[in-house]
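The structure under discussion appears below in the form of structure tokens.
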Amino acid sequence: MRLSPGIRLAATVVLFAIAGVSRAQQPAPDLVLSNGKIITVDERFTIAQAVAIKGDRIVAVGANPEINQLAGSNTRRIDLMGKAVIPGLIDNHMHLLRAGTTWLRELRFDGVESRKQAIEMLRARAKAAGPGEWVYNIGGWAHQQFADDPKSFTREELDQIAPNNPVALQESYYQVFLNSRALHAFGIEANAPDPQDFVKGSIVHDTRGRPTGVIQGDIAATRPVAARLPKVAPDQLEASTRALINDMNRAGLTSIGVPGCTSDVLEIFQTWKSQGKLNVRIFCIDGAAAGAPEQVEASLKQIARMKLFQGDSYIDNIFFGESVYQPLHDPMFGLKSDPRPDQLEQWRRMAMEIAKAGLPLHVHAELHNTIDAFLDQIEAVNREHPIKNLRWTLVHLNQINAPQLERMKNLGMYAAVHPWAVINGGIMHEGFGDGAYDMPPLRTIQNSGIEWGLGTDGTAANQYLPFTTLYFAVTGKMAGGAKVMRQTIGREDALIAHTRKNAYLVFQENNLGSIQPGKLADLLVLDRDYLTVPADQIRNIKPVMTMVGGRIVYDVDPSAPASAR
Ligand SMILES: [Zn+2]
């Protein structure tokens, strides 16, 4: 049927009228946040004043009058009093679920920049725990972060601080400090053979053959200690995981990419989700890496059966990772690698099957030669099974260089960057000399134009606090303030890498990463403005409120009237 121009015009007017009516009849938002500085982190980095939320989604973002007029009689209003709001922060790689099994028992030093304070914390925890109970942490710190006195701990000192408790303090995956009771508990004694499960030479002895309390030598050396430490009791696992998630929300994290979604903790998350009480979104990175040539066949079969993206925006499986073939998993503090052709062949068989199955891959890649060798394999895989739309991602990348970034870009790959130097800057400078100033080469990565996001690799390899990571990216300073990296980036780019880009890296770009109509209402109200606070204070920024899916999951002072926050 052909319409005359007049009728067509009338039809258009009617359509407009209908649109107008339906808009007027739209239910009022549940919540309006106004009078703030809304750092939306949208594509144009728009700054707004107010946000309206209905259910779990953002429905409008704009100026105060336009958002305020949407409110109805049942709309809850929060006056932000000029405070800055940013999207909920996303860590694209943190071993979160594993941490639930120890969190309540750990004495965490993340962000503790005073040795004096750390000692006071130790003393208080030993007293609270009672005689004979373990006092320990499993990584997340290094002594170089103690600005007042960047010294390690001695056996004698720990004996003095906690004479009645076994103590184990693990610095990243670099070394562990034990006191006499802990050495005794592990059966590490003077003039006795070292326990079988410890790496040969990792137990440091003094000239008289007495163990000094230091266990040293990368992840393999520290692992036997962590394996022997008591986890929380099964009936405490939920409480421990709850404490962990509360700490994540308090730190500003609302979504996390999780290598290794262990089933016992995952079950707790599923229960919370069904009750509407899951306060962090988790995107699992999992899959059976082969540990030896004879395991490859079995792994290939598992890959062919693997199904991703069966979940939702709270819990999902999104990547195969973070290892493909264990013998080519670079150690954390290794200085260089020499991947063998036979090992690379096994790696390629695995990668080929992953590509053939159409699975996204998220793989640990650190040392120069390893990255080059992986890219050789991926280029070969790509010729048979194109990976273009699979978001294959190399992760950690503290030593990536510009030509490697170019190769990744040409393959349509992504970069998940985890600056280990945030706590390990001192250790890395000892190993790499001035080369460590370019680890990771953040400016090179940013300027390459590759899509990339920031994370930590916490909670053992690194600390977990996102504002400490942002501070590092902007200042090049590690926790405690020592300058360890020279390739700093602007604070807008750093924030984009911790929000919108990470939403892409966890396959949630339509739901997360910016404050825009239609996206999930995950956001933070900050105690100071990320964009204007002196750069050295970025690590001190604290959320006063954290929201996940329109629910307030952390509130610095729930009893205070909203306007006083
Ligand atoms: Zn890793």
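Counting starts at 1 for both ligands and their atoms, in listed order.
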* Asked: So, Q399 side chain and N401 main chain: donor-acceptor pair closer than 3.5 Å or not?
  -> no
* To do: Apply ring-ring contact (aromatic ring centres under 6.0 Å, His included) to F374 and list each qualifying residue two or more places apart in sequence or on a separate chain.
  => W347
* Asked: Does Y437 have any ring-ring contact (aromatic ring centres under 6.0 Å, His included) partners at least two apart in sequence or in another chain, and if so, which?
  -> H429
* **Parallel, tilted or perpendicular: rings of H93 and H362 (30°, 60°)** => parallel
* **H498: partners by side-chain hydrogen bond (donor to acceptor under 3.5 Å, both in side chains), with sequence neighbours left out** => none
* Which protein N, O or S atoms sit under 2.8 Å from the Zn ion (ligand 1)? -> E322 OE1, H364 ND1, H396 NE2
* Is there a donor in the side chain of W141 and an acceptor in the side chain of D110, or the other way round, less than 3.5 Å apart? -> no
